[in-house]
Amino acid sequence: MTEEFEFLRLMEAILFASSEPVDEKDLAARLPEGADAAALLAALQIHYQMRGVNLVRRGSKWAFRTAIDLADRLAPETMESRRLSRAAVEVLAIVAYHQPVTRAEIEEIRGVALSKGTLDILLEAGWIRPRGRRRTPGRPLQWATADGFLDHFGLESIEDLPDVKELKASGLLDARPAADAYGNRAVRDDGPPVDIEDGDEGEDEDEDEP
Amino acid sequence: MTEEFEFLRLMEAILFASSEPVDEKDLAARLPEGADAAALLAALQIHYQMRGVNLVRRGSKWAFRTAIDLADRLAPETMESRRLSRAAVEVLAIVAYHQPVTRAEIEEIRGVALSKGTLDILLEAGWIRPRGRRRTPGRPLQWATADGFLDHFGLESIEDLPDVKELKASGLLDARPAADAYGNRAVRDDGPPVDIEDGDEGEDEDEDEP
Amino acid sequence: MVDGRGGTDGRDVTRPPDSDFEEDAPPSAGAAERLVLDLEGFEGPLDVLLVLAREQKVDLSRISILRLADQYLAFVTRVRDRHLDLAADYLVMAAWLAYLKSRLLLPVPEPEEEASAEELADVLAFRLRRLEAMQRVGARLVELPRRGVAFFARGAPEPIQATRHPLYETELYDVLKAYADHLVRTSVRTLTVEAADLWSVDDALRRLERLLGDLPDWSVLARYLPPPQGEVLATRSAMAATFVAALELARQGRITLRQEEGPFAPIRVKVLDVGGRS
């Protein structure tokens with residue numbers, strides 16, 4: 001056996017052993033000096049391309065998953081009943097396509113205040129996470145998708161979201177108030193119980209991270 | 001793809017996804033009519049013979065297992081992940097929100113004495129660390145979150161923790177039952193006096209380390 | 001679990017987008033009536049506008065905002081007959097659309113600094129298209145092959161040192177929830193303390209007794225309320241407590257009260273017990 005094949009086997013074993021995606025950095029750290037993790041991953045992915053189990057990428061992580069085309073014949077052992085409310089689906093889509101996005105922006109896009117049981121449910125499912133604060137007055141918290149989101153929906157990266165390029169090109173992924181003319185007055189006037197911080201509108205949008 | 005290869009893929013996926021070794025009879029039952037389970041298993045076993053993962057037989061049952069020679073190198077962990085106790089999660093949350101905080105303060109905030117091992121558990125998990133001593137009589141040790149905390153919970157900075165207002169807005173904090181007793185006032189109120197932003201930072205702080 | 005919460009909207013979001021659209025914009029005549037009955041299913045005024053816009057059966061970029069405004073105003077009028085408690089944001093939208101409609105119909109010279117009616121209409125059209133896009137991709141998102149449904153992870157993971165196994169399985173949600181629960185638990189104490197700055201009858205009695213000596217003949221009781229302190233509730237409690245305190249003093253025969261011009265007229269007060277001066 002060549003040394004390279006030994007590395008491949010090791011990587012295969014690590015990925016196979018874990019049910020959750022493993023970060024490429026962690027994989028590289030486990031390999032002996034001189035091993036090229038990226039090349040090995042590519043080779044492994046090709047080897048499994050046609051099999052019943054595929055090596056898939058989830059952001060910067062990798063995992064083995066059963067092939068999608070076998071879905072109909074692999075009856076779920078325990079049917080997961082994750083039926084989301086319409087509001088939760090909309091909010092999840094807004095977070096996924098507009099991330100990082102503040103709560104006020106989500107409300108601006110939907111034209112209505114967020115009710116309880118929307119953000120917390122998505123957070124509990126491990127699909128969204130807080131990601132930095134907007135550098136605007138009030139420093140509102142921003143939300144983004146979490147690792148669990150990519151894995152649950154079988155996406156390699158955020159770029160693989162349905163229609164994401166078309167939406168970007170059409171300018172519809174602008175979370176800022178369409179104009180001061182209307183703003184989110186409707187949201188504001190709704191009052192308690194959800195308070196909206198001032199300065200959330202993010203006109204001088206300036207993300208905390210690159 | 002030949003029909004036989006299709007059967008092989010299905011069997012591969014079933015064995016991969018199963019939480020227990022699968023009986024040969026059950027495998028045969030899940031394969032379409034005319035599939036020869038025994039022959040397929042033999043073929044699959046040969047395919048994986050040299051890989052990092054092998055198909056192994058346990059009595060009449062079959063399962064994928066990490067190759068023995070690698071399993072030795074990747075010595076199995078003795079400890080399985082456990083769930084943190086409710087009290088420990090709460091102490092972790094209080095350290096995160098009130099850091100740097102002394103043991104006495106944690107007890108004061110929770111209104112109950114800390115049981116012995118709680119801080120040790122969090123320390124062992126790499127989620128908290130000692131951070132200097134308070135410049136008060138007795139110079140008590142202060143606790144803060146460690147890098148492992150941010151890492152584990154997917155946060156970029158401690159600032160990513162939602163403040164009280166944001167907890168409320170995300171639906172995690174619902175103080176209404178308590179507020180009912182005092183009508184509108186309590187609802188409008190921004191809640192408990194616990195200070196998140198300024199906590200005890202600054203004044204008495206006396207860090208022993210950089 | 002993520003289940004539940006969807007109960008009130010009555011729409012199954014996991015259905016393919018096609019069927020969702022069908023339900024939202026049926027070309028039938030009964031659509032208007034159904035909108036009324038389904039009010040609880042709407043996610044705010046913008047969502048209503050979107051459903052109404054679909055009734056026009058044209059591309060959203062070519063929608064008639066004037067007609068949409070009419071549709072919405074008619075909708076709100078209809079709904080108000082049955083739902084008197086229609087949420088404020090629906091009414092705010094109605095007011096805004098009525099304003100927009102008047103601007104669109106009567107092209108008066110536009111003030112320089114204000115947006116033109118057309119710009120306002122464009123803003124609305126943009127918001128509708130943006131919301132529609134999010135609803136569409138949301139429906140597509142939940143139609144993607146999902147883990148545990150269409151594909152599966154390793155069923156029997158093996159604990160090996162190569163993968164990072166945290167000592168404890170705790171999610172961010174658990175930590176935040178623990179803190180939130182802790183706040184709720186401890187907030188009860190706080191609220192008890194906070195209530196103390198409302199005016200009690202005792203407070204009002206003490207204050208009135210102190211002021212009794214300065215009362216001229218038949219002065220208006222309301223003038224002797226403590227100065228308002230910003231909080232509406234505090235002011236109200238002061239008013240209620242002062243009223244009860246005045247009744248109490250009247251019962252003790254120390255003052256007499258009079259309200260001559262009927263309900264809601266000023267209540268006047270006069271000191272009876274001259275010897276009670278301090």
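Not measured: the values here are computed from a predicted model. All chains are named by letter (A, B, ...) in the order of the sequence lines, taking the proteins before the strands, and each is independently numbered beginning at 1.
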(message) Donor-acceptor pair, distance only, cut-off 3.5 Å: does the side chain of A:T136 make one with the backbone of A:R139?
(response) no
(message) If I measure from the heavy atoms of chain A, does B:L10 come under 4.5 Å with its side chain, its backbone, both, or neither?
(response) both
(message) Quick one: does any side-chain atom of B:Q142 pair with a main-chain N or O of B:R131 as donor and acceptor, under 3.5 Å?
(response) yes
(message) Under the ring pair (Phe, Tyr, Trp, His ring centres under 6.0 Å) definition, can you give me all pairs with a residue in residues 102-126 of chain A, not counting sequence neighbours?
(response) none
(message) Looking only at heavy atoms and a cut-off of under 4.5 Å, which of B:L70, B:L15, B:L8, B:T66 has the most pairs with chain A?
(response) B:L70
(message) Report which part of A:I128 has an atom under 4.5 Å of a heavy atom belonging to chain B: side chain, backbone, both, or neither.
(response) neither
(message) Test salt bridge (charged side-chain N to carboxylate O under 4.0 Å, His left out) on A:K61 and A:D26; report intermediate values, then the result.
(response) CA-CA 9 Å; A:K61 301 183 173 183; A:D26 293 337; over 6 Å; no
(request) Would you mind checking which part of A:Y48 comes under 4.5 Å of any heavy atom in chain B, side chain (CB onward), backbone (N, CA, C, O), both or neither? (result) side chain
(message) Counting only non-hydrogen atoms closer than 4.5 Å, does B:N54 touch chain A with its backbone (N, CA, C, O), its side chain (CB onward), both, or neither?
(response) neither
(message) Quick check on A:R129 against chain B: is it the side chain, the backbone, both or neither that has a heavy atom closer than 4.5 Å?
(response) side chain
(request) Check whether B:F64 gets within reach of chain A through its side chain, its backbone, both or neither, counting any heavy atom under 4.5 Å. (result) side chain
(message) Within the 4.5 Å heavy-atom criterion, are B:L119 and B:I106 side-chain neighbours or not?
(response) yes
(request) Could you check if a side-chain atom of A:T145 sits within less than 4.5 angstrom of a side-chain atom of A:W127, using non-hydrogen atoms only? (result) no
(request) Under 4.5 Å heavy-atom distance to chain A, tell me which part of B:S157 shows up: side chain, backbone, both or neither. (result) neither
(request) Go through A:R51, A:R65, A:E12 and name the one with the most non-hydrogen pairs under 4.5 angstrom from chain B. (result) A:R51
(request) Indicate yes or no for a side-chain donor-acceptor contact from A:E156 to the backbone of A:R58 under 3.5 Å, with no hydrogens or angles considered. (result) no
(request) Tell me, for B:I158 versus chain A, whether the close heavy atoms (under 4.5 Å) come from the side chain, the backbone, both or neither. (result) neither
